[in-house]
Amino acid sequence: MLRIPALQVLSPTSWDEAAQLLSRHPEARVLAGGTDMLPALKTGQVKTPTLISVSRLPGFSGIELTTGGLRIAAGTPLADLARSPLVPTALAVAAGLVAGPQIRRTATLGGNLCLDTRCRYVNQSPLYRQSLGGCLKSHGDTCHVVAGGTSCVAALSADTVPVLVALEAELDLVGPSGARGLALSELYNADGRQHLSLRPGELLRSVRLPRLEASTRVVYRKWRPRHSLDFPLVSLALRLDLDPPCVRDGQLVVGVLGPRPRVLPLTRLAGRPLDRELAEEIGRLAGSCRPLANVPYDEAYRRQRLEVEARRAALEIERLS
Ligand SMILES: Cc1cc2nc3c(=O)[nH]c(=O)nc-3n(C[C@H](O)[C@H](O)[C@H](O)COP(=O)(O)OP(=O)(O)OC[C@H]3O[C@@H](n4cnc5c(N)ncnc54)[C@H](O)[C@@H]3O)c2cc1C
Ligand code: SF4
């Protein structure tokens, strides 16, 4: 049986105290719902002597309407998002597709946005990783996905990220030297070993969503072989700003490629009617992405699947409009 190693858990009662503790213990890790952190401690993918639990912080959970749009506290459980009438439908859909019902009751939005990158070679037992001689992300000096690669291309596999990027979400961060805002699209960088651009001691406090124009549509599509529990192996959010019956602007946000989402602007489709031909073109655009062998399943199939899911997303928006 895999056990969590002995460690201390600190439970601050204010956000400032949490940020101070995190900067005083640079090796510490934040614990929210623990649905990813606790398994990672068991398999030794995360090694830390200290966890800083954020679940008792004031305003940890909750969804509120604001003058500018919506504010979602980082600790809001995904199950609450999935059934909230306040959140945009695409976000509720994405949250409702994470893992299974039990996990969604504990898993938080903040934990999902800060989820570690995943790779078929590293999300394994310690024995499996040792037998490979490790890799750049796990006590080794080579990458098994990109021969000769010098940085890690493990995949960003969090379901809510593509939708929230498409919705132009902004983050409220709290750090030892105060609070700051950051566009969600700026949170991720290209190295799967440390893919979050959080500064030392910084925590995610809440997510802000601007109010959507009535003519904006966002749809999320996820593909995984087992629908009951799996992480996405293909994921995308399609945003179309419409000037019915034509498209005015839009973007396609693709997950599970590398450590950050890929954003494909659709501005060049402006003025075109939203019909099957346009859906095919959006599909082909998605098919220009190159999935890597960083997660299970054949890359060529996942590329084809991306094309299919993007086309279906466009047709879904056409039906809704
Ligand atoms: C069987 C199984 C299936 C899963 N399937 C999916 C899936 O389909 N899709 C998916 O997206 N995820 C999936 N997950 C992963 C996980 O359950 C979710 O991503 C969940 O949202 C993580 O949230 P959490 O609150 O449990 O995070 P935790 O496990 O507590 O933390 C995750 C990471 O976020 C950091 N963190 C948490 N909160 C903050 C904060 N406020 N500020 C800064 N850093 C923070 C932690 O330090 C840690 O690195 C699955 C997990 C399991 C065990
Ligand atoms: S992408 Fe390469 S370095 Fe990163 S976890 Fe996978 S095998 Fe390791």
Side-chain angles (χ1 to χ4, degrees), residues 15 18-19 22 28-42 45-46 48 51-55 57 60-61 73-79 81 94-100 102-124 129 132-163 171-175 187 191-196 198 201-207 222 224 226-233 235 255-256 258-259 292-295:
W15 286 91
L22 202 51
R29 298 292 298 264
V30 175
L31 178 71
T35 60
D36 196 65
M37 179 55 79
L38 299 181
L41 285 165
K42 288 184 180 179
Q45 281 159 249
V46 171
T48 178
L51 288 176
I52 297 182
S53 169
V54 288
S55 56
L57 296 181
F60 179 62
S61 168
T76 305
L78 296 178
L81 281 182
L97 287 171
V98 171
Q102 265 180 321
I103 289 178
R104 287 196 294 273
R105 275 197 288 275
T106 312
T108 66
L109 178 63
N112 198 246
L113 297 184
C114 298
L115 183 69
D116 199 2
T117 53
R118 296 182 62 80
C119 174
R120 66 198 303 179
Y121 299 102
V122 90
N123 289 91
Q124 300 287 352
R129 296 199 308 274
L132 275 179
C135 72
L136 295 171
K137 198 176 181 203
S138 157
H139 78 277
D141 56 8
T142 186
C143 175
H144 305 291
V145 174
V146 178
T150 52
S151 86
C152 168
V153 292
L156 182 124
S157 307
D159 276 298
T160 64
V161 173
V163 173
L171 307 178
D172 296 315
L173 305 175
V174 182
L187 180 65
D191 192 338
R193 285 168 292 189
Q194 198 153 20
H195 72 306
L196 300 179
L198 293 177
E202 246 176 6
L203 299 118
L204 171 58
R205 183 172 185 163
S206 58
V207 177
K222 164 177 184 170
R224 52 186 167 171
R226 294 176 305 177
H227 288 267
S228 53
L229 203 65
D230 281 345
F231 282 87
L233 297 186
S235 78
V256 208
L292 297 168
N294 46 7
V295 295

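Counting starts at 1 for both ligands and their atoms, in listed order. Position 1 is the first residue of the sequence; numbering continues from there.
Protein heavy atom in closest approach to atom 37 (C) of ligand 1: G111 CA, 3.5 Å. Looking only at heavy atoms of the protein, atom 49 (O) of ligand 1 is closest to R29 NH2, 3.2 Å. At the top of the distance list for atom 18 (C) of ligand 1, counting protein heavy atoms only, stands N112 ND2, 3.6 Å. The shortest contact between atom 50 (C) of ligand 1 and any protein heavy atom is with F231 CZ, 3.2 Å. Of all protein heavy atoms, the one closest to atom 48 (C) of ligand 1 is M37 CE, 3.6 Å. The protein non-hydrogen atom at the shortest distance from atom 46 (C) of ligand 1 is V30 O, 3.1 Å. Remark: minimum distance from atom 42 (N) of ligand 1 to any protein heavy atom is reached at L204 N, 2.9 Å.
Residue L115 places a heavy atom under 4.0 Å from ligand 1. Judged by the shortest distance from any of its heavy atoms, V98 lies inside the 4.0 Å radius around the atoms of ligand 1.
Side-chain contact check for L171 versus L113: some heavy-atom pair is nearer than 4.5 Å. For the pair F231 and L115, the minimum side-chain heavy-atom distance is below 4.5 Å. Using a 4.5 Å cut-off on side-chain heavy atoms (C-beta onward), L156 and P259 make no contact. For the pair L203/I52, no side-chain contact is recorded, criterion being any heavy-atom separation below 4.5 Å from C-beta on. Residues C119 and V145 meet the side-chain proximity criterion, which asks for heavy atoms closer than 4.5 Å. Considering only heavy atoms from C-beta on, C152 stays 4.5 Å or farther from C143 through its side chain. Side-chain contact check for L204 versus L173: some heavy-atom pair is nearer than 4.5 Å.
Nearest to atom 16 (C) of ligand 1 by heavy atom, out of L78, L171, T35, is T35. The residue among A18, A74, C114 with a heavy atom at the shortest distance from atom 34 (O) of ligand 1 is C114. Residue nearest to atom 9 (N) of ligand 1, selected from L203, L22, L51, D159: D159 (by heavy-atom distance).
Interface of A158 with ligand 1, defined as ligand atoms under 4.0 Å from a residue heavy atom, comprises 11 (O). Atoms of ligand 1 lying under 4.0 Å from any heavy atom of I103, numbered from 1 in the order shown and given with element: 1 (C), 2 (C), 17 (O), 52 (C), 53 (C). Residue-ligand proximity, G33 to ligand 1, at heavy-atom distances under 4.0 Å covers atoms 24 (P), 25 (O), 26 (O), 30 (O). Residue A32 has at least one heavy-atom neighbour below 4.0 Å for each of these atoms of ligand 1: 25 (O), 30 (O), 37 (C), 38 (N). Under a 4.0 Å criterion applied to the non-hydrogen atoms of D230, ligand 1 contributes the atoms 8 (O). Counting the atoms of ligand 1 from 1 in the order shown, those under 4.0 Å from a heavy atom of K222 are 7 (C), 8 (O). Residue S157 approaches ligand 1 through these ligand atoms, each under 4.0 Å from one of its heavy atoms: 10 (C), 11 (O).
Formation of a donor-acceptor pair under 3.5 Å by the S157 side chain with backbone atoms of A155 is found in this model.
Here the rule is salt bridge (charged side-chain N to carboxylate O under 4.0 Å, His left out) with D159, and of R224, R104, K222 only K222 fits it.
Residue P39 places no N or O, backbone or side chain, under 3.5 Å from any N or O of ligand 1. Between T108 and ligand 1, an N or O atom pair is found at a separation short of 3.5 Å. Distances between N or O atoms of R224 and those of ligand 1 include no value under 3.5 Å. Considering backbone and side-chain atoms together, A99 places an N or O closer than 3.5 Å to an N or O of ligand 1.
Not counting sequence neighbours, the partners of D191 by the salt bridge (charged side-chain N to carboxylate O under 4.0 Å, His left out) test are R193. With sequence neighbours excluded, no residue satisfies side-chain hydrogen bond (donor to acceptor under 3.5 Å, both in side chains) with R205.
In summary, the side chains of R29 and T48 do not present any donor paired with an acceptor at a separation below 3.5 Å, with no hydrogens or angles considered.
When every heavy atom of V30 is checked against every heavy atom of M37, the shortest pair comes out as O-CE, 3.6 Å. Heavy-atom minimum distance, A154 versus N294: C-ND2, 4.2 Å. Contact between A107 and T35 at its shortest, heavy atoms only, is CB-OG1, 3.8 Å.
Each side chain to side chain donor-acceptor pair (under 3.5 Å) pair with one or both residues in residues 112-121, not counting sequence neighbours, appears once here: N112-T160, D116-K137, T117-K137.
Protein contacts to atom 4 (Fe) of ligand 2 involving N, O or S atoms at a distance below 2.8 Å are C152 SG.
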